[in-house]
Amino acid sequence: MTNYSNHPFHLVNQSPWPLTGAIGAMITMTGLIKWFHQFNNILTMLGLTILILTMIQWWRDITREGTYQGLHTKSVMKGLQWGMILFIISEVFFFISFFWAFFHSSLSPTIEIGSLWPPLGIMPFNPLQIPMLNTAILLASGVTITWSHHGLLHNNFNQTLQALFFTIILGLYFTILQAYEYIEATFTIADSIYGSSFFMATGFHGLHVIIGTTFLITCLLRHSFLHFSAFHHFGFEAAAWYWHFVDVVWLFLYISIYWWGS
């Protein structure tokens with residue numbers, strides 16, 4: 001394979017990682033079902049291990065293509081940008097389905113849940129406590145990731161590194177607080193439609209925060225290895241777009257589920 005590209009699209013080399021990724025996803029899903037029914041999580045751990053190893057090696061190969069082999073030309077970069085935009089749009093509709101379910105049940109509570117919202121017996125969280133702190137944390141992380149991007153555009157290595165590090169710390173802090181909130185919850189995912197919609201919406205958002213934090217940690221490592229420049233840093237830009245998406249979704253979650261819904 002030559003180290004330059006004469007075509008206006010992304011032509012990848014043959015790779016085993018889509019296959020190992022699919023196998024890892026299948027084993028993880030099967031393992032989760034086994035865990036829920038037989039309380040045995042060994043298969044789940046095996047599937048997650050395969051997925052993590054696949055991600056590490058797949059990202060390594062993409063990093064090599066873009067940073068060292070020169071395969072990410074302007075045309076290819078445009079395709080990657082549109083791919084990320086469409087992916088984020090699909091994620092927006094993913095969360096819209098949870099909001100739809102929440103408002104469908106909360107605006108007209110059925111007689112099965114006592115015609116009340118929240119249903120009788122549910123003690124919702126105080127929106128002025130941990131939820132508001134988490135809102136401040138994510139808003140602050142949106143500022144730090146923008147600060148980091150600004151530093152990268154101006155070739156300020158230390159500023160980019162420091163601001164990216166602060167963003168990661170804020171993301172980890174958010175995850176710790178959400179885990180504490182879940183531990184302290186007085187209701188579960190099995191407690192009527194309120195518990196189901198609350199934990200599905202906030203839980204998937206928490207998963208997206210973990211994914212986004214992992215994305216940013218990868219960018220921090222790449223930046224420390226001098227993979228990014230002011231003109232070539234789409235990996236960082238994609239992570240920043242994803243993080244801002246996570247921020248905006250949380251604002252809607254906070255206003256609708258924590259504040260209005262309680």
Side-chain angles (χ1 to χ4, degrees), residues 59 81 84-85 87-92 94-96 98-99 102 124-185 198-225 227-230 233-262:
W59 293 342
Q81 288 168 351
M84 191 67 195
I85 290 168
F87 168 68
I88 290 174
I89 290 171
S90 74
E91 292 286 277
V92 168
F94 176 74
F95 278 98
I96 283 174
F98 295 133
F99 286 112
F102 179 81
F125 290 102
N126 185 341
L128 301 180
Q129 293 179 348
I130 289 180
M132 180 168 277
L133 177 57
N134 268 344
T135 303
I137 289 166
L138 278 189
L139 289 175
S141 73
V143 173
T144 55
I145 192 68
T146 304
W147 169 29
S148 182
H149 192 200
H150 182 268
L152 187 55
L153 290 172
H154 290 80
N155 286 318
N156 191 325
F157 180 87
N158 288 329
Q159 191 178 93
T160 304
L161 193 73
Q162 290 164 7
L164 192 51
F165 175 76
F166 288 140
T167 309
I168 291 165
I169 294 298
L170 289 168
L172 293 172
Y173 187 26
F174 176 94
T175 301
I176 291 167
L177 285 174
Q178 190 172 42
Y180 176 75
E181 183 183 65
Y182 278 12
I183 292 167
E184 294 294 309
F198 175 87
F199 282 106
M200 284 295 287
T202 61
F204 268 112
H205 177 268
L207 179 63
H208 281 72
V209 171
I210 293 170
I211 293 168
T213 306
T214 307
F215 206 167
L216 293 174
I217 291 170
T218 305
C219 288
L220 183 71
L221 292 171
R222 291 192 64 193
H223 180 63
S224 64
F225 292 139
H227 288 180
F228 298 137
S229 70
H233 58 265
F234 177 67
F236 178 93
E237 204 170 28
W241 290 354
Y242 189 83
W243 196 255
H244 286 306
F245 155 73
V246 167
D247 286 350
V248 172
V249 169
W250 174 259
L251 290 177
F252 281 98
L253 281 172
Y254 176 74
I255 292 169
S256 60
I257 294 179
Y258 283 101
W259 181 64
W260 181 85
S262 63

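Keep in mind that what you see is a predicted model, and the values were worked out from it rather than measured.
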From L253 CG over to F204 CZ, what is the distance, rounded to the nearest 0.5 angstrom? 12.5 Å
With respect to Y242, which candidate in L216, D247, I211, I145 satisfies the side chain to side chain contact (heavy atoms under 4.5 Å, CB included) definition? I211
Checking Y258 against T202 for the side chain to side chain donor-acceptor pair (under 3.5 Å) test, could you report, in this order, the C-alpha distance in whole Å, the side-chain angles of both residues, the deciding distance, and whether it holds? CA-CA 10 Å; Y258 283 101; T202 61; 4.7 Å; no
Take C219 and F228, measure what side chain to side chain contact (heavy atoms under 4.5 Å, CB included) needs, and give me the verdict at the end. CA-CA 9 Å; C219 288; F228 298 137; 4.2 Å; yes
Whether S148 side chain and T144 backbone form a donor-acceptor pair below 3.5 Å: no
Just how far is it from atom NE2 of H149 to atom NE2 of H154, taken to the nearest 0.5 Å? 10.5 Å
Over 12 non-hydrogen atoms of neighbours within 6.0 angstrom of OH in Y173: no
Enclosure of F165 CZ (heavy-atom neighbours >12, cutoff 6.0 Å): no
Evaluate the ring planes of H205 and W250, with Trp represented by its six-membered ring, and classify them as parallel (under 30°), tilted (30 to 60°) or perpendicular (over 60°). tilted
Working to the nearest 0.5 Å, report the span between CD1 of I210 and CD of Q178. 8.0 Å
More than 12 heavy atoms from other groups under 6.0 Å of CH2 on W59: yes
So, H233 versus H223: side-chain donor-acceptor pair below 3.5 Å or not? no
Pair L152-E237, side chain to side chain contact (heavy atoms under 4.5 Å, CB included): steps then yes or no: CA-CA 10 Å; L152 187 55; E237 204 170 28; over 6 Å; no
Would you indicate whether the side-chain heavy atoms of R222 and F236 approach each other to under 4.5 Å? no
Under 4.5 Å between any side-chain heavy atoms of W241 and I85, yes or no? yes
Any chance you could measure I89, atom CD1, to F245, atom CZ, to the nearest 0.5 Å? 11.0 Å
Aromatic ring proximity F95/F252, centre distance under 6.0 Å: no
For the residue pair L170 and L138, establish whether any side-chain heavy-atom pair is separated by less than 4.5 Å. no
I need the minimum non-hydrogen distance between V209 and G171, along with the two atoms involved. CG1-O, 3.9 Å
Test item: Y182 side-chain N/O and G203 main-chain N/O as donor-acceptor pair under 3.5 Å: yes
So M132 and W259, side chain to side chain contact (heavy atoms under 4.5 Å, CB included) or not? Walk me through it. CA-CA 9 Å; M132 180 168 277; W259 181 64; over 6 Å; no
Considering non-hydrogen atoms only, spot the tightest contact between F99 and S256 and give its length. CE2-OG, 3.2 Å
Smallest heavy-atom separation, W243 atom then S141 atom, equals NE1-OG, 2.8 Å
How many angstroms lie between CH2 in W147 and CD in Q162, if you round to the nearest 0.5 Å? 6.0 Å
Roughly how far, to the nearest 0.5 Å, is the OG1 atom of T213 from the CG atom of L220? 12.0 Å
Please report the shortest heavy-atom distance between A185 and F199, naming the atom on each side. CB-CZ, 4.1 Å
Between H227 and F225, what is the ring plane arrangement, given parallel below 30°, perpendicular above 60°, and tilted in between? tilted
For the residue pair S90 and F87, what are the closest heavy atoms and their distance? OG-O, 2.5 Å
Taking all atoms of both residues into account, what is the closest heavy-atom pair of A238 and M84, and its distance? O-CE, 3.6 Å
Go through N134 and I137 one step at a time and tell me if the side chain to side chain contact (heavy atoms under 4.5 Å, CB included) criterion holds. CA-CA 5 Å; N134 268 344; I137 289 166; 3.7 Å; yes
